[in-house]
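Below you'll find the structure, written out as structure tokens, and then a few comments.
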Amino acid sequence: MTSSPARWTTAELAEDSAISAAEFRTERLAVTGAWESHYQAARSKFELLFQKLSNLNPGGVTDANLTDAYGSGLGEALRYLAGPPISDDDLQVIANVDSLAPGVLKKKPEEVRKVFEVIERVIDVHRFPWIETGTNPTDQERDAALLASSVLLAAQRIATERRVEGKDGQETRVKDYLRSQGFTEVPTATITTIVKGPQPMQFCAECLLGERKADVVVRLHDTRLMAIECKVSNSATNSVKRLNNDAAVKAEYWLKMFGTSQVVPAAMLSGVFKVMNLEQAQQRGLALLWAHDLDKLGLFIESTR
DNA sequence: AAGACAATCTATCGGCACGA
DNA sequence: TCGTGCCGATAGATTGTCTT
């Protein structure tokens, strides 16, 4: 007799989603210093860039200076001189160069030239008004440009950091919890049949289960595999994507691929989710767990003895 | 031969725009 | 106003290539 993960009632889902959203609220409002450090890091980059390119003065931007700037890892800051900033991918296409890697550009000054020609054409005149007049910036102009540019870059960095942290943080919590329950992590494996992968009292991370990657895979006591997807959503709009488009799709794939009696697809949730989406995903065979209540994971694992 | 660097691929969440 | 599809910006892993 196999044990199934709990199916939550609407009321239970509503309660947990409220707790989860409250936790998100608290975390987002907490002062972490992340903004401060990203701002400072960005500011330093632009200051260095200004220095290397003589405040973007006409004449200060030579091929040698540009190559030097790229070599110092300032290509990123360079992209952010554009209004609006150009992404790495876009710049490569628009400038029509083969590579934006510093080592490659170092040997091809003409490629650097092409890159800067693009930047020049789309440079943000709101931040760098002195470029148009061909004069030196006033101290205020220079400072305003540094401020605005640093904020622009730092904001993007924060957004990216949140994406990575949301996932990694949650995955780490799950793994730590499993360890606390006596499980041992084993190296990532490609799991083609149900007997492969983690053995009793083991789990692995980032395993390829069939043809889809699972964040954490645990061997249950009754030999089934539990595939846990870690999902962070910070808005109700995105809850449907994370749950129904990402996790439930994989759940259905695994259930079909390995059979309903062999795998237990689950999603570990934190952040903001809509109750309706939770119900839909659960309906589709996805077991729901909350990062704020990891003991439920332990209880289920125990129930498979 | 080793280590640095570059290219490629895939995954993350977030946000916009469109249509019901 | 709401639900949905699509895409953007980036990180990290892996694989490939070049230097020293």
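Order of the sequence lines sets the chain letters (A, B, ...), proteins ahead of strands, with each chain counted from 1.
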**Prompt:** Whole-Å distance between dA11(B) P and D215(A) CG?
**Reply:** 10 Å
What pairs of nitrogen or oxygen atoms, one from the protein and one from nucleotides 8-14 of chain C, lie under 3.5 Å apart?
residue: dG8(C); atom: N2; partner: R163(A); partner atom: NH1; Å: 3.3
residue: dG8(C); atom: N2; partner: R163(A); partner atom: NH2; Å: 2.9
residue: dA9(C); atom: OP2; partner: S87(A); partner atom: OG; Å: 3.1
residue: dA9(C); atom: N3; partner: R163(A); partner atom: NH1; Å: 3.2
residue: dT10(C); atom: OP1; partner: Y80(A); partner atom: OH; Å: 2.7
residue: dT10(C); atom: OP1; partner: R157(A); partner atom: NH2; Å: 3.3
residue: dT10(C); atom: OP2; partner: R79(A); partner atom: NH1; Å: 3.2

**Asked** For residues N55(A) and N136(A), is any side-chain donor paired with an opposing acceptor at under 3.5 Å?
**Response** no
**Prompt:** Hey, what's the ring geometry for W290(A) with F273(A), parallel, tilted or perpendicular (30° and 60° as the breaks)?
**Reply:** perpendicular
**Asked** Which value, rounded to the nearest 0.5 Å, describes the distance between L289(A) atom CG and K296(A) atom NZ?
**Response** 9.5 Å
**Asked** Just checking, any donor-acceptor pair under 3.5 angstrom between side chains of E47(A) and Q51(A)?
**Response** no
**Message:** Whether the side chain of S20(A) engages the backbone of D16(A) through a donor-acceptor N/O pair (distance < 3.5 Å, no angle test) should be reported.
**Reply:** no
**Message:** With a 6.0 Å cut-off (strictly less than), is the heavy-atom count around CD of E117(A), excluding the residue itself, greater than 12?
**Reply:** yes
**Message:** Using a 6.0 Å cut-off, check whether atom CD of E252(A) has over 12 heavy atoms from anything other than its own residue.
**Reply:** yes
**Request:** Pick out which of I123(A), V122(A), L152(A), I86(A) makes a side-chain contact (heavy atoms from CB on, under 4.5 Å) with L81(A).
**Result:** I123(A)
**Request:** For F24(A) and dC13(B), give me the distance from atom CZ to atom P, rounded to whole Å.
**Result:** 13 Å
Please write out each protein N/O paired with an N/O of nucleotides 7-9 of chain B under 3.5 Å, distance rounded to 0.1 Å.
residue: dA7(B); atom: OP1; partner: S99(A); partner atom: OG; Å: 3.0
residue: dA7(B); atom: OP2; partner: S99(A); partner atom: OG; Å: 2.8

**Asked** Can you name the closest pair of heavy atoms from I301(A) and H221(A) and give their distance?
**Response** O-CD2, 3.0 Å
What nitrogen or oxygen pairs link the protein and nucleotides 2-6 of chain C at under 3.5 Å?
residue: dG3(C); atom: OP2; partner: K274(A); partner atom: NZ; Å: 3.0
residue: dG5(C); atom: O6; partner: K241(A); partner atom: NZ; Å: 2.8
residue: dC6(C); atom: N4; partner: K241(A); partner atom: NZ; Å: 3.2

**Prompt:** Does one side chain, of E23(A) or S270(A), offer a donor that lies under 3.5 Å from an acceptor on the other?
**Reply:** no
